[in-house]
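The model shown is predicted, which means the values in this text are computed figures rather than measured ones. Below, chains carry the letters A, B, ... as their sequence lines are ordered, and counting in each starts from 1.
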Amino acid sequence: MTNHEVPPLLGQIAHAVSGAIDRARPELAGAAPVVRRSEHADFQSNAALALAKRARTAPRGLAAELIAHLGDSAIGAAELSGPGFLNLTVPDEAIWRQVSSRLNDARLGVGVPNAGQRTVIDYSGPNIAKEMHVGHLRTTIIGDSLARVLEFLGAEVVRQNHLGDWGTQFGMLIQYLGEHPELTWHHGEVTGRSTSAVSVLDAVYKAARRQFDADPDFADRSRARVVALQSGDAATLAMWREIVAESEKAFRDIYDRLDVLITPEDSVGESFYNHLLDGTVTELVDAGIAVESEGALVIFSEEVTGPDGEPVPLMVRKRDGGYGYDTTDLAAVRYRTGELNAERLLYVTDSRQALHFRLIFEAARRAGWLTDDVPAEHVAFGTVRGPDGRPFKTREGGTVRLMALLDDAVTRARAVVAEKDPDLDPAELTRIAEVAGVGAVKYADLSTSRVKDYLLDVDRMVSFTGNTGVYLQYAHTRIRSILRKAGNAEVSVDPRVRLEPAERALTLGLDDYGTTLAEVSDTLEPHHLCAYLYALARDFTTFYETCPVLTADEPVRRNRLALCRLTARTLEHGLGLLGITAPERM
RNA sequence: GCGCCUGUAGCUCAGUGGAUAGAGCAGGAGCCUUCUAAGCUCUUGGUCGGGGGUUCGAAUCCCUCCAGGCGCGCCA
């Protein structure tokens, strides 16, 4: 196994066309070669069309010049077509060698363009003592996939789970629990998969809220409890810590089941920043960025105005002297760049917070915590809606618990799997149903562009036909089946074998993997990876239908086995970067 | 009022200024003595919200209008 990058053919071709441009028209040196995959050949270059005007010549003539200057390159054949397209074909041998090199590389020949880039990703961020619901699904799944992709591309990823673990609501919760010692809410005391300490706490919180609104004496005691918490009263803090710990156990169950990589060590909640808030505010005041207004301390935006035409403020310190989330987020930027040495900051939250982060980033730049070479990006995503187009809710109008959604998906997956293969032993059935059900939920979420509202339809997700996570898993198991039957032997490639059309499409697709991952890194859109893997699985299926593997004569058989192995590895790896398991059989 | 986002087939969605706008689902017709039929083949279906403009070329870039969603100081 090697461990170095295998440059994609597309890049090699682009380089060759660039060279031709430089030689044919030195005054155009450096112009983009505009090379793409093509329906009419392996690749096409549209450079002549784009450059004809600058070169003061007809596109077809310029295209012909480029062909003449291609010289000795990776290109096998270049053909002039239409108004000035260059149709470029790569020799079969060169394509087979790509397969061979990738197969022999531990990283499938993918490079590390993000090498060493310290990237802080803020995602998931559930609230302590509250159930995780479908609203947390997107941030958790998208953030986790991005973390995996960036990490694979060499970035030093720092996950930050910005837990909602601080605030006045804990006063009433702690007070209520203290007044009701008969309540059982600890992890060990609560049984059943769909109940947990946090679901009990969620209910307790609602009860506390009701009493808070109805009983002025309790409200007073709760306010006193908030003061006790903030001033560090030992007993109150102990209770708070217990609540946080119990909640984190429940989150852990969800994260385990979702198979996401975030760990307790990544939990850096709002409370963590408490000791940094005073310093943060002082710095902002000293720099003249934060100013007093109506008794509060605010930062007025220099870019955005509100309904009254006045600059929109960030609330740095409330009139009552307290700090809100604006201050916490400012402190977090300062900490992440100053202490964690972040070179890239990502925030995976819903799109409604777009203005908030715009203001935070603007203020952080003015304060010098963010500089031009440290990009801070709000990785926004749309609202989760139900099949009726309205925000996803239960029939009663409540939020849908994430664990209940997963239970539902897995239960339905189990029914489908049992129907497809009635002889499956129960343990295997359970395993496959889990992987298929959870995979379906994740794939459905990751496979559309983030920013649009996301329509969550469990029926559609677990129908398991067409463009779903299961299609990819199924393609992978079919390949594994072939490889098992072939004895899982080491494979080698004979580059002299002629490529069938289906093999050609598959190999050119396999060559695009690293390019696709780089695109995900640039756009922070995991759906590009989904689309890539789906196309790859389709290309494999066409190959599977038209090119027999096990019954083929040598050396065709060996080459096809190599293609199977590389496709299986690419699918498995790509699914892995989406956080989806690729089982051996299903 | 201002700002951000969205508008592509009946439905859900792709679509880096390039050749005939693509998938899946749904509808119609077929394919299992042959590597897993969770699959495959064929087929029906489009004024790319409307109108201008830039360009040899626009779903894509610019302007404008329409429709929907979200946001705009003491909740996160």
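Contact annotation: A:Tyr471 reaches the phosphate of B:rC40 (side-chain N/O to OP1 or OP2, under 4.0 Å). Applying the 4.0 Å criterion to OP1 and OP2 of B:rG15, one finds that A:His527 has a side-chain N or O inside that range. Between A:Lys452 and B:rG69, a side-chain N or O to OP1/OP2 separation shorter than 4.0 Å is absent. At B:rC13, none of the side-chain N or O atoms of A:Ser449 fall inside 4.0 Å of OP1 or OP2 (strictly under the cut-off).
Applying the salt bridge (Lys or Arg N to Asp or Glu O under 4.0 Å) test to every pair with at least one member in residues 457-479 of chain A, sequence neighbours left out, gives these pairs: A:Arg412-A:Asp459.
With A:Tyr323 as reference, A:Asp278 is the one residue of A:Asn274, A:Thr280, A:Asp278 to meet the side-chain hydrogen bond (donor to acceptor under 3.5 Å, both in side chains) rule. The only member of A:Thr383, A:Leu137, A:Val384 that meets side chain to side chain contact (heavy atoms under 4.5 Å, CB included) when paired with A:Phe392 is A:Val384.
Side-chain contact, A:Gln160 with A:His162: no donor N or O sits under 3.5 Å from an acceptor N or O. A:Glu500 and A:Thr546 share no donor-acceptor pair across their side chains, judged by distance under 3.5 Å alone. Of the N and O atoms on the side chains of A:Ser301 and A:Glu362, at least one donor lies less than 3.5 Å from an acceptor on the other residue.
Contacts with RNA chain B (heavy atom under 4.0 Å) in residues 316-329 of chain A: A:Lys318, A:Arg319, A:Gly324, A:Tyr325, listed by number.
Between the CZ atom of A:Arg431 and the CG atom of A:Leu424 there is a distance of 9.0 Å, given to the nearest 0.5 Å.
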Which pairs, protein N/O on one side and nucleotides 24-27 of chain B N/O on the other, fall under 3.5 Å?
residue	atom	partner	partner atom	Å
B:rG24	OP1	A:Arg538	NH1	3.1

Using a cut-off of under 3.5 Å, enumerate the N/O to N/O pairs linking the protein to nucleotides 32-37 of chain B.
residue	atom	partner	partner atom	Å
B:rC35	O3'	A:Lys485	NZ	3.3
B:rC35	O2	A:Leu550	N	3.2
B:rC35	N3	A:Val549	N	3.1
B:rC35	N4	A:Tyr544	O	2.4
B:rC35	N4	A:Cys547	O	3.1
B:rU36	OP1	A:Ser481	OG	2.4
B:rU36	OP2	A:Ser481	OG	3.2
B:rU36	OP2	A:Lys485	NZ	2.8
B:rU36	O2'	A:Tyr474	OH	2.3
B:rU36	N3	A:Met586	O	2.9
B:rU36	O4	A:Met586	N	3.3
B:rA37	OP2	A:Arg478	NH1	2.7

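In B:rC32 the O4'-C1'-N dihedral to the base is within 90° of 0, which defines a syn nucleotide.
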Could you pull out every donor-acceptor pair under 3.5 Å between side chains of residues 464-473 of chain A and any protein atom, sequence neighbours left out?
residue	atom	partner	partner atom	Å
A:Asn467	OD1	A:Tyr443	OH	2.7
A:Thr468	OG1	A:Val470	N	3.4
A:Thr468	OG1	A:Tyr471	N	3.3
A:Tyr471	OH	A:Thr541	OG1	3.2
A:Gln473	NE2	A:Val435	O	3.4
A:Gln473	NE2	A:Thr581	O	2.9

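Residues A:Asp165 and A:Trp240 approach most closely at O-NE1, 2.9 Å, considering heavy atoms. Of all non-hydrogen atoms in A:Leu536 and A:Gly509, the two that sit nearest each other are CD1-C, 4.1 Å.
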Based on Watson-Crick and G-U pairs with both distances under 3.5 Å, what dot-bracket line describes RNA chain B 5' to 3', crossing pairs as [ ] and inter-strand pairs as |? (((((((..((((....[...)))).(((((.......))))).....(((((..]....))))))))))))....
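Closest-nucleotide positions on RNA chain B for A:Leu297 and A:Thr383 were compared, and the one nearer the 5' end corresponds to A:Thr383. For the pair A:Ser447 and A:Ala413, nearest-nucleotide mapping onto RNA chain B gives the more 5' position to A:Ser447.
Listed nucleotides B:rG69, B:rG1, B:rA19 differ in distance to A:Asn87; the shortest reach to its side chain belongs to B:rA19.
For A:Gln44 and B:rA19, a side-chain-to-base donor-acceptor distance below 3.5 Å is present, hydrogens and geometry of angles not being considered.
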From CA spacing to verdict: ring pair (Phe, Tyr, Trp, His ring centres under 6.0 Å), A:Tyr325, A:His356: CA-CA 10 Å; A:Tyr325 63 94; A:His356 168 68; 5.0 Å; yes
